[in-house]
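Residue numbering restarts at 1 for every chain, and letters A, B, ... go by the order of the sequence lines.
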Amino acid sequence: MVEGREIFNLLWLVPAIPLFGALFNCLLGYRAGNLVVSIVGCGSIGLSFLLSLCIFRVFYGLPVEDRQIELCLFQWIVSGDFQAPLDLLLDPLSMVMITMVSGVSFLIHVYSVGYMANDKCFARYFFYLNLFVFFMLTLVLAGNFLVLYIGWEGVGLCSYLLISFWYERRSAAAAGLKAFVVTRFGDFFFALGIILIFLQFGSLHFCSVFANPGEVIGVSMATWIALLIFVGAVGKSAQVPLHTWLPDAMEAPTPVSALIHAATMVTAGVYLVARCYPIFELSPFSLQVVAIVGLLTAFISATVALVHTDIKKILAFSTISQLGHMFLALGVGAPGAAIFHLLTHAFAKALLFLGSGAVIHALNDEMDIRKMGGLRRYIPATFFTFTIGALAMSGVPGLAGFFSKDAILYATFVNGGPLMWALIVITASMTGFYTFRIIFVAFFGVKRWDVHLHAPGKAMILPLVLLALLAITGGYMGVPHVLGGSDRISEFLSPVFGNAEVHGSLGSSVEGVALAAEEGGVVEGEAAEGAPQGTETAEGIAGVWETGIQMSEKSLEMLLMLVSAVMALGGIGLAFYFYVYSGGRDVPTRLSEKFRVAYSIFTNGWYFDALYKAVFVDPYMKLSTFFLKAVDVAVIDNIVRGVAGSLLSAGNILPGLQLGVVRWYATVMVLGAIIIILYI
Amino acid sequence: MEQILFYIAFTITVVSAASVVLQGRVMYSVLSLIVTLLGVAWIYAMLSAPFLAIVQVILYAGAIVVLLLFAVMMLKFDETVQRRLRPDLLGVIGALVALVFAGMFVSLVSCGCFEFASIPADYGSIKSIGSVLYTQYLIPLELASVLLLVAVVGAVMLAGRR
Amino acid sequence: MQAEVIQSLLVVGPSHFLVLGATLFSLGVLGFLVRNNIIVLLMCIELMINGAGITFIAFCRQMGSLEGQIFVLFVMVVAAVEIAVGLSIVVLVFKNRATLNADEMEVLKW
Amino acid sequence: MDVSSWPILSVLILLPAAGAVFIFVVLQQNEFLSKLLAFLISVETVVLAVFLFRRFDPADGEMQFVEKMDWIPEFGASYHVGVDGISLFMVMITTVMVTLAMLSSWDQKGRGQALFYGFLLLLEAGLIGIFLAMDLLLFYVFWEVMLIPMYFLIGVWGGANRRYATLKLIIYTMGASLLMLVAILALYFYHHAQVGEYTFDITKLYGTPIPPEVLLPMALAFFVAFAVKSPLFPFHTWLTDAHAEAPVSGAVDITGLLIKTGAYALLRFLLPLFPEFSMSFAPIVVAMALIANLYGAMLAAAQNDLKRLIAYASVSHVGLVILGIFVFNVQGIDGAVFMMVSIALCSGGLFMVVGMIYKRSGTKDISQLGGLWKDMPVLAGFFMFFVVASVGLPGLSNFVGEFLIFVGAFKVSVLYGVVAAFVMVLTAVYLLWMFWRVMLEKAPERATPWRDLSMAETVTLTIPAIIVVVIGVYPKILLDRIEPSALKLLGQVKKETAQMDDLGRWKSLRLVERLKEVKRDKPWR
Amino acid sequence: MEMTLPFVNLGTIMPQIIVAFFAMAALMVDAFYRNTRYVFAVSILGLALALYAVYMQCGLVIPPEESMVAINSYTVFFNVIFLLVAAVTMFLSLSYADLTGIDGGKYYPLILLATLGMMLLISSRDMLLMFLAIELLSISSYILVASQRDRWMSNEAAIKYMLTGAFASAFLLFGIALVFGATGTMDFMKIKQALSDGPVLFHAQIGLAMMLVGLGFKVAMVPFHMWAPDVYEGAPTPISGFLSAGSKVAVFAFLLRLFADPFAVPHADWIAVLWWISVLSMVVGNVSALLQKSVKRMLAYSSIAHVGYMLMALVILDTRAMEAAVLYMAVYAITGLAAFGCVACLSKGPEERLDIQDYTALAYSHPVQAGVLSVCLLSLAGIPLTAGFIGKFYLFGAAVNAGFVGLAVIGVLNSAVSLYYYMGLMLKMYTAPEGVGEIAVTSPMAGRLVLIVLGLAILILGIYPSPVLGFVKVAVAAIASPVM
């Protein structure tokens, strides 16, 4: 193993190893047999994970100022002043991401070996999965926007391929298409954003773009760029209104859902916004939009998750909701919290998905929770790990989710105001409710299934356990100072976000009092230390304090923490009451009848699908057909046909004048002579 | 005197020509044609072309018409179907076109004022013609003989026995 | 005015002969356009040629040159040749088709 | 080998031509030999093209390997060929695609195969000639000559409705290019009137001042001819029919893609010959290109015939290419040239796959297909690959071209850029939907499963796939060589129009007005 | 008055004398030996000698007083073409005549005589000689068209040709009379003198109109074209070729001379009329050909269209246009002849292939004929690398140069339309046969050889036209009058 800084020259191997694995599985996988395929598939990711750990070790040893390593592989697209080299950037943010991505991927690969053991297309599956990891790592390691875009599109493609993996199912094919197209719609804006950045900055390089964006562009341009990028993120991270593809994406094999549609790919949007945070910071309005979208998403999808019956879809909506949390965090100026939540959510949600995969696998691909029940006794290991995941998700104190969610709630309260805070707290309690609804319905109660149960094998249990461990401990990298922790994650990430942590300017004016700003800066504490403080930021911070909260920092944070913990537990308790305690009274049914409108809105996912079908899909098809029939055929073709047809019919008529009779010929000649002579 | 002679010749020629066109039976047409050709010969004579008048009578009215007469008599075709001018569409159009043409043509050709030139005494005599014909127009003369050869070859080739 | 017209009618000039030539030609054209017997058509062509001949001679006389007379001489030869060849074709056709109706020669058309 | 003594460009043109003649004259009855000969010649042209590539000086934007000699001195026409960064890749891709076309129709059945290959070679000669010609008359000769084999390939070996397709092909392309001939002649005489020299040499014709009242019709004649060939929006319907009726092996479709000659000709001839026109009409052309771009994508979605669908896809892509040309910046032109190469590869791959599907299924009707993945995973994999490449996945070739064009368009106007880029979404929709309908879901019951790709077929598809990846990952090979030429071209255009006022785009309208003022002094002319 | 027999420089009319002499000799041979081969050989010998004699005339210029027959590069150029056309027609007829019951013994001499007519026409300096030459040409043609005595199509074609031809000749004759009346002379030189001295006389214009009717009939320009399809279809196929390549070209070449030289002055008044005739000929010819079922008829209509193209030059009538027209005529002579020749060499048994349907998959049974016919069709359509392209290119160039852009545009659009039927026929020929293809019938070697030579000539002219262009320029220099 290469020691010291030289190891960074091997950075390209982190994504490259999975690529080699993918190529192997693609080209030779068919002949190689499942064992070789799984060794190559998992091994390549494992190697990559190991390498990133090594890199992490060296990286962590570097002084903070040096924690930004660039590696230019070669010039990619060069045309005039447009230059996009293929370069990689390793900074704390990407370091965290590659470690997480390769780690979770590795676990899920291992899990997949068991899960997909009986599938005919084993090699193809691992080809896609490896390819996905390659693109995902490229995405997070990218040193400029275009390289990021490679990964961005690549993961979308792999997502498409994996959603449509069981191609014989119509729904899988449809879901794949939908996922690709919807995210592509977002990508369109992202691409525009990239081009706009190039035109403004003359470069796509992260380091040069983010060095001092405020000097190059004004607020309105920053808003444009930020919003364009954000739409891309919305598409990829399934935020309202582009979230509809993600529930459908559950057609993919469950490990894929865990990896792509929960832990990694969908968080790329969060990563992107975090990456471009310097630009977002320039535009308060865009942050506001981010926050509102995130909040709405979190709330709407949580409501849908409340009533869904498909286990994977519940988890999918929950994923959307959690992503909403992350965006909210970004919007309220807590990118560190967002990334933190990203990590903890990755562990918890991967765990939940893998657990649900085990359940589904066990029950022969049954996904309706109403047809489960009492599983606790049959697959205990799954049950336990699943419960840990659920607890972590719900934000029960002590587990991973708690800390990250708490950081978000706090930032929301401080920067977003009480209204947003209230809404997000309600959402948090809904999280508890619907996660535990699964547990109580599926694992408790009576057995409502009669199939031969496939208990999960070792390859599946092991990742579950490991992930459960992570879900428990993951939170401790970011224990807030209030609880005596050191919030190492925020600290680690701080070079990226500069003067990060709670300092948005949501809902408040940008004009601030310098005094207040300074005060805020002081209060922010160590986290912000060492980072240059721009005037604008100071002004933003000043806004926070204009709300006039006089409560002391610590007690406020503690109080909020308490409230959120209570709400989470309350949600769990409500679920317990509904599905276990109330027994035969069937509270949920009665409630659903009582609030029929709300219920149907929830079950139909707020009618987004229907709306899109009516507004986009149908008109598009109709318009296409209309153009074909009305323009291409009716106008253009008919003109051509008309010209040709009239020529040909003239070709029919003209020789008809050739009567074959001599007198007629002579008559025409004389007529011609008359005309000529008269003319002359 | 000259006027009277001219108008008589004019009348004879035109009437007989009309008769060629309008006669129902081919034989009558041929006979009318003889009259026309003689009328033309008369006109030639009036125009100081005595040699041509003679040739016209001998060659045209003699040889050509005889050829036609032979043809008419040899080929026993049924005339009944085409004896009368049938007022079919083509005929009507043809007649109209021809009449328009005639009106236009006659009026156009005749307009402009001309005067006869004074001419030498031997104008149009055989000798004068011959001297021009055999000097200036030697090549056309030879060509005319070739033309006659063509006529012979054609007749033999087409109408002759195998 | 009237006197002039009468005068022009009375004094026979080249124009009179030109009118005659044109009339003969036009009659030939008329015949060609309305008749359908091939032999009559040939005769109509003779009429036209004679009309041209008269025109030649008239101009010739007007200018006092002999070229026109020579020309008409050659035209007669040509007319004879044309009639000879024409009649041989007519005979040929009659042998094969037993008709001299030009209107029936309409298999080749369109 | 010494280049100076060895006319490589002429050899590139003449070798396939001679091969074609040899096949027509000598080998007509021997199908195998002619097939073999044709294939060997096409491989040889590839080798030559690669050789050309290696000897090419990337830093030089001027014409290289120039050969020039008198052809018809009475007309001032010369045999003048040369290659620059733009045409170099056109030639290379032509040779490669023709070779692939031959490979893909290797097991085509039926009589007349010898002629089929002869025509393919002739087509190749014509195409290469178009890309190399530096003399307007020579160019026109190749331009027309190329159509003949095209016509035969479709008309003789094509589908059921081929008569109609060929009729359209002829009406559109010939009509337009003959009008261009008139314009060429007009230019020729104007040049003579100005300079006193009769010449068709474009290097001399560049910058001929032309009175405005005739500039418009002349340039329009050129433009329409090129637009039809490209094909640009209102002139595109011949292309879809031609593709739909082309022989099923896909061979012709592939070469048909090289009908991008139209776009090439815009670059080589219209822009430098009529810079003022090009600049002042750019908004209109760009509008057409954008319409073509979106419209083609829309219509592709409504198609039920695989080939027709891909044809509309290429209409859409060509719209982008022309957009790239008419934004007049280096990114746009780089992207356009790159895109032309890329379209040939990606859409060509798609056509080949469709041909292979047709060989097995006997239909191109999407509604009768479905679930092919099960029987033919390898074919499906290639299909997916080319679909994805066409969609513009970064790392594959189309993306590079597309993105550069977007950048170029954005530089000129945000509107252009946004509208153009939106096609990303539409492309994904129709191509993936097509993939779904053809490959995914359950297949209808079949007595025997269809055979997956044979070794030869796999090789045939692998070659373009590899090129797509290589130039997608390392586009500098192309871009480095295109750029000097593109810059030179831009320099020419910009120099000519430097005096144009800022309101250049309105000048087009004034041009029309001035045209109306010209009195017709010669009513019969 | 003294009679001195004139001095006739026989050298000036040596080629004509040779042709006439060998025609008679061939007739003698026929009379005494009754062997068509001998007749053929004698006729060809005559043509060859005449060609030599024409070659000897290169560079000669005969002053107009000396002879009615002009010799200049223009006449030499066309004489060569006529002699070659005649020779090719004979070669093509070699087996055709035997197959279709033509009396070869008189057939070949008649071709010689018709050629004599063409040669005299192009070099005539006098209206009388012109008239006689045209009559010699026409009357020989009537007989040639009728030479398939037993085929009713041939008979009908002959009778139609003869009747309408004589009718048109009468117009020509009257026109000559009027021109003579207006100018007082038969000599072209003097006519030019007379016309350029004063205002153009009214009678001369009418006379010219009448002459145009007569000559227009011979070249089959609209509206005097109606006979052409019928006659071309009914005539023996080599004769159809001869009519289109020989007689039409000869009369058109004469027409060009007529307008370029003696009637250069009134030409300006004629531009409109000629413009319309040109356009109508192109349109009517091409459009009528679009849906023809019979190949010969299609080629006939196409020849009408080609007259339309040539007429463009007559409209413009500057040096460049005349060069273009001369080139076009030469090209058309070769191409038209070769096209009809291919049809002639494709008879399957006693019947000819006339219907386009009969041409299906021809390329597989008769590769040579199909190949040459394809080249011809491409050339007729004006596709580059064939002679036809060079011709059209030159012509349209002349039109554009002279400012007749509208005419050029109509011309090119017509070319586009014409592609439809030319290419349609080619497509038929190359369509692969279904099932077992027709067994190739060996056709006569001589015909095939001639066809190959013609095909090659078309291609060579198309690829490297420079030498011929040189000849054309020289030829036109002889008639391009300084008036223009």
Inset, instruction - State the CD1-CD1 distance between I139(B) and I13(E), to the nearest 0.5 angstrom. - result: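 It is 4.5 Å, given to the nearest 0.5 Å.
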Legend entry - Between OH on residue Y137(B) and CE on residue M186(E), distance to nearest 0.5 Å: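 Answer for the OH-CE pair, Y137(B) versus M186(E), is 6.0 Å.
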Inset, instruction - Report the C-alpha separation of L147(B) and L113(E) in whole Å, then their side-chain angles, then the decisive distance to 0.1 Å, and conclude whether the side chain to side chain contact (heavy atoms under 4.5 Å, CB included) test is met. - result: CA-CA 9 Å; L147(B) 256 175; L113(E) 291 172; over 6 Å; no
Check whether any side-chain heavy atom of [X] sits under 4.5 Å from a side-chain heavy atom of [Y], and report yes or no.
{"X": "L108(B)", "Y": "F202(E)", "result": "yes"}
{"X": "L110(E)", "Y": "M157(B)", "result": "yes"}
{"X": "L149(B)", "Y": "L27(E)", "result": "yes"}

Legend entry - Considering all heavy atoms, the nearest R149(E)-L158(B) contact: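 Distance-wise, the nearest heavy atoms are NH1-O, 3.3 Å.
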Legend entry - Minimum heavy-atom distance between L128(E) and P140(B), given as atom pair plus value: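 Of all heavy-atom pairs spanning L128(E) and P140(B), the closest is CD2-CB, 4.0 Å.
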Legend entry - ring-ring contact (aromatic ring centres under 6.0 Å, His included) assessment of F174(E) paired with F101(B): CA-CA 14 Å; F174(E) 209 107; F101(B) 178 78; 8.7 Å; no
Legend entry - Any residue of residues 158-166 of chain E which, by heavy atoms, sits under 4.5 Å from chain B: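 At a heavy-atom separation under 4.5 Å, chain B is reached by no residue of residues 158-166 of chain E.
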Inset, instruction - Please flag which part of L143(B) lies under 4.5 Å from any non-hydrogen atom of chain E: side chain, backbone, both or neither. - result: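 L143(B) touches chain E through side-chain heavy atoms alone.
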Legend entry - Under 4.5 Å from any heavy atom of chain B - which part of L136(E):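 Both backbone and side chain of L136(E) come within 4.5 Å of chain B.
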Inset, instruction - Against chain B, label D126(E) side chain, backbone, both or neither, depending on which of its atoms sit under 4.5 Å from a heavy atom there. - result: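 It is the side chain, since no backbone atom gets that close.
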Legend entry - Under the side-chain hydrogen bond (donor to acceptor under 3.5 Å, both in side chains) test, residues paired with S16(B) that sit two or more places apart: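 Partners of S16(B) under the side-chain hydrogen bond (donor to acceptor under 3.5 Å, both in side chains) test: T36(B).
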